Visitor: 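Got a structure here, written out as structure tokens. Questions coming.
Here the structure is a predicted model, which means the values were calculated and not measured. All residue numbers in this chain count up from 1 along the given sequence.
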Amino acid sequence: MSLAAAAAPWLSDLPGAACPALSFAAIALGFAAAGRFLRPPFRRVAWREAGWTLVDAVGEPHAATLASHARFGGWLALDFRTRHRRRFRMLIGPDNMPAELRRRLTVLLARAEIAQPG
């Protein structure tokens, strides 16, 4: 994706000085996004009676709240907020978890949606 973004300025009608700058920015942002993807701050997510818990790479749990969630076909997108970090977004594919666990998560998210005010 970042290669297409890096090539786009050269294929458009931009001034010559803007093309290298925009291409460099696209490649730099692509590397930064790949780094965040390969080294996520949290490795596990769990729901307990006390609420959501995010576990980091060291194994330390962090309390979190589910700010929002969305369903895109077979994919689930979860948006968490913690006290010390602004946000942690998680994308769960159709084959990322056993079917029974996925069904329970879907029911839990539906209940949370009904319980929200407004």
Visitor: Measure across R81 and A67 and return the closest heavy-atom pair with its distance rounded to 0.1 Å.
Guide: NE-CB, 3.4 Å
Visitor: When hydrophobic residues are tied together by side-chain contacts of less than 4.5 Å, even through go-betweens, does L76 share a cluster with V107?
Guide: no
Visitor: In this structure, would I92 and W47 fall into the same cluster of hydrophobic residues linked by side-chain contacts under 4.5 Å?
Guide: yes
Visitor: Output the distance between atom CZ (F80) and atom NE2 (H69), rounded to the nearest 0.5 Å.
Guide: 10.5 Å
Visitor: When V45 is tested against each of L66, L54, V55 for side chain to side chain contact (heavy atoms under 4.5 Å, CB included), which residue passes?
Guide: L54
Visitor: Would you say F72 ends up clustered with L78 if hydrophobic residues are merged whenever their side chains have heavy atoms under 4.5 Å apart, either directly or through other cluster members?
Guide: no
Visitor: Closest approach of W75 and P94, non-hydrogen atoms and distance?
Guide: CE2-CD, 3.7 Å
Visitor: To the nearest 0.5 angstrom, please state how far the CZ atom of R39 sits from the CZ atom of F37.
Guide: 12.0 Å
Visitor: Go through the side-chain N and O atoms of T65 and W52 and say whether any donor and acceptor fall under 3.5 Å apart.
Guide: no
Visitor: For a side-chain contact (heavy atoms from CB on, under 4.5 Å) check, start with the C-alpha distance between H62 and T53, then their side-chain angles and the critical distance, and finish with the verdict.
Guide: CA-CA 6 Å; H62 300 268; T53 302; over 6 Å; no
Visitor: Once you round to the nearest 0.5 Å, how far does OG of S12 lie from CG of L22?
Guide: 8.0 Å
Visitor: M97, L91: one ILVMFWY side-chain cluster at the under-4.5 Å cut-off?
Guide: no
Visitor: So for atom CZ, which belongs to R43, do other residues, nucleotides or ligands contribute more than 12 heavy atoms lying within a distance under 6.0 Å?
Guide: yes
Visitor: Is there a chain of hydrophobic side chains (I, L, V, M, F, W, Y, each step under 4.5 Å between heavy atoms) that links L29 to I27?
Guide: no
Visitor: When rounded to the nearest 0.5 angstrom, what is the spacing between OG1 in T106 and CZ in R111?
Guide: 12.0 Å
Visitor: Applying side chain to side chain donor-acceptor pair (under 3.5 Å), name anything that partners R103, two or more places apart in sequence or on another chain.
Guide: E100
Visitor: Is it true that R87 and D79 make a salt bridge, defined as a side-chain N closer than 4.0 Å to a carboxylate O?
Guide: yes
Visitor: Specify the closest pair of heavy atoms between P9 and C19, including all atoms of both residues, with the distance to one decimal.
Guide: O-SG, 3.2 Å
